[in-house]
Undergrad: 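First the structure, then my questions, so here it is.
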Amino acid sequence: MATDQDWMRLALQQAELARQAGEVPVGAVLVRNGELLGVGSNAPIGLADPSAHAEMLALRAAAKLLGNYRLPGCELYITLEPCAMCAGAILHARLARVVYAATDPKTGAAGSVLDLFAEPRLNHHTVVEAGVLADEAAQQLRAFFAERREAARAARRQAQASVPESSR
């Protein structure tokens with residue numbers, strides 16, 4: 001039987017697919033009773049869709065497979081703490097559990113910036129577990145953003161080098 005770490009490793013593979021596509025490396029997998037129902041790799045740039053976060057794509061895939069927008073008894077494994085949009089969708093889908101790896105101190109909605117999952121006025125409460133393979137997920141994100149910063153610096157250097165000396 002697969003463990004939380006096993007499912008998170010699969011989510012990390014999905015995040016790597018996002019990175020290879022030039023997207024922020026976030027991946028998600030949705031399972032129920034040990035059966036994989038949906039996967040998602042971050043794709044808002046490639047799909048020109050602000051809602052194409054990894055967890056949204058995994059939710060959509062599972063809902064389509066099951067023929068229902070409600071996903072009771074399901075667990076979602078995400079490499080990064082969900083944002084408010086994704087947390088709302090998770091709650092509407094009635095997921096039993098969310099497991100995420102790295103926290104998101106800028107947009108996290110499972111405790112970092114706000115905690116929609118702890119809101120007592122909501123009629124459904126999803127169990128949340130944080131930190132499963134957090135170091136691996138955080139390193140994947142750090143490496144991606146370091147590569148982007150270096151590429152931007154290289155582009156600036158290239159642009160400066162192409163300016164004629166007399167124009168400087």
Side-chain angles (χ1 to χ4, degrees), residues 1-47 49-63 65 71 73-91 93-118 125-155:
M1 181 169 201
T3 66
D4 286 350
Q5 290 79 14
D6 295 330
W7 292 119
M8 191 61 74
R9 282 186 191 91
L10 185 56
L12 287 164
Q13 290 173 7
Q14 291 296 310
E16 176 58 20
L17 294 175
R19 186 199 65 76
Q20 290 173 8
E23 304 276 357
V24 174
V26 179
V29 299
L30 195 139
V31 302
R32 184 174 64 188
N33 299 325
E35 178 185 358
L36 181 64
L37 300 178
V39 299
S41 297
N42 228 23
I45 297 167
L47 295 178
D49 178 356
S51 71
H53 290 193
E55 47 271 69
M56 297 294 282
L57 298 176
L59 287 167
R60 288 177 189 150
L65 178 71
L71 302 169
C74 290
E75 299 174 315
L76 183 63
Y77 294 83
I78 319 162
T79 60
L80 184 65
E81 179 180 1
C83 69
M85 173 185 68
C86 294
I90 289 164
L91 290 165
R94 305 290 195 263
L95 295 189
R97 184 170 174 244
V98 167
V99 179
Y100 70 87
T103 59
D104 185 347
K106 293 184 179 181
T107 64
S112 289
V113 175
L114 58 114
D115 193 349
L116 288 178
F117 297 100
H125 294 93
T126 298
V127 173
V128 176
E129 182 176 340
V132 174
L133 300 183
D135 291 341
E136 291 90 333
Q139 178 54 36
Q140 193 176 43
L141 288 159
R142 278 192 300 274
F144 173 79
F145 287 111
E147 289 170 14
R148 282 184 64 178
R149 285 190 299 275
E150 180 52 38
R153 282 192 291 272

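If you're wondering where the values come from, they're calculated on a predicted model, not measured in any experiment.
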Undergrad: Is a side-chain N or O of Ser41 found less than 3.5 angstrom from the main chain of Gln14, in a donor-acceptor match?
TA: yes
Undergrad: Determine the minimum heavy-atom distance between Phe144 and Gly22, stating which atoms define it.
TA: CZ-O, 4.1 Å
Undergrad: Which atom names give the shortest non-hydrogen contact between Met56 and Ala89, and what distance separates them?
TA: SD-CB, 3.5 Å
Undergrad: Spell out, as yes or no, whether a donor-acceptor pair under 3.5 Å connects the side chain of Glu23 to the backbone of Ile45.
TA: yes
Undergrad: Name all residues meeting the side-chain contact (heavy atoms from CB on, under 4.5 Å) criterion together with Gln20; count only those two or more places apart in sequence or in a different chain, and write none if there are none.
TA: Glu16, Leu17
Undergrad: Let me confirm one number: the CZ-CG distance from Arg32 to Leu65, rounded to the nearest 0.5 Å.
TA: 8.5 Å
Undergrad: Any donor-acceptor pair under 3.5 Å linking the side chain of Ser112 with the backbone of Thr103?
TA: no
Undergrad: How far apart are the closest heavy atoms of Phe117 and Ala109, and which atoms are they?
TA: CD1-O, 3.7 Å
Undergrad: Return the CD to CG distance between Gln139 and Leu133, rounded to the nearest 0.5 Å.
TA: 13.5 Å
Undergrad: Looking only at heavy atoms, what is the nearest atom pair of Tyr77 and Ala11, with distance?
TA: O-CB, 3.8 Å
Undergrad: Hey, which of Leu76, Leu37, Leu12, Leu10 is the one that makes side-chain contact (heavy atoms from CB on, under 4.5 Å) with Val29?
TA: Leu10
Undergrad: Atom CD1 of Ile90 and atom CG of Leu59: how far apart are they, to the nearest 0.5 Å?
TA: 6.0 Å
Undergrad: Write down the atom of Leu116, the atom of Ala87, and the distance for their closest heavy-atom approach.
TA: CD1-CB, 3.8 Å
Undergrad: With sequence neighbours left out, which residue pairs that include part of residues 95-112 fulfil the salt bridge (Lys or Arg N to Asp or Glu O under 4.0 Å) condition?
TA: Asp4-Arg97, Glu75-Arg97, Arg97-Glu129
Undergrad: Could you check whether any side-chain N or O of Glu55 sits under 3.5 Å from a backbone N or O of Ile78, counting only pairs where one atom can act as donor and the other as acceptor?
TA: no
Undergrad: Where the side chain of Asn42 meets the backbone of Ala54, is there a donor-acceptor pair that is under 3.5 Å apart?
TA: yes
Undergrad: Over all heavy atoms of both residues, which pair between Arg60 and Ser51 is shortest? Give the atoms and the distance, please.
TA: NH2-OG, 2.8 Å
Undergrad: Answer yes or no: is there a side-chain heavy-atom contact under 4.5 Å between Met85 and His53?
TA: yes
Undergrad: If only atom types and distance count, is the side chain of Thr79 paired as donor or acceptor with the main-chain N or O of Gly27 below 3.5 Å?
TA: yes
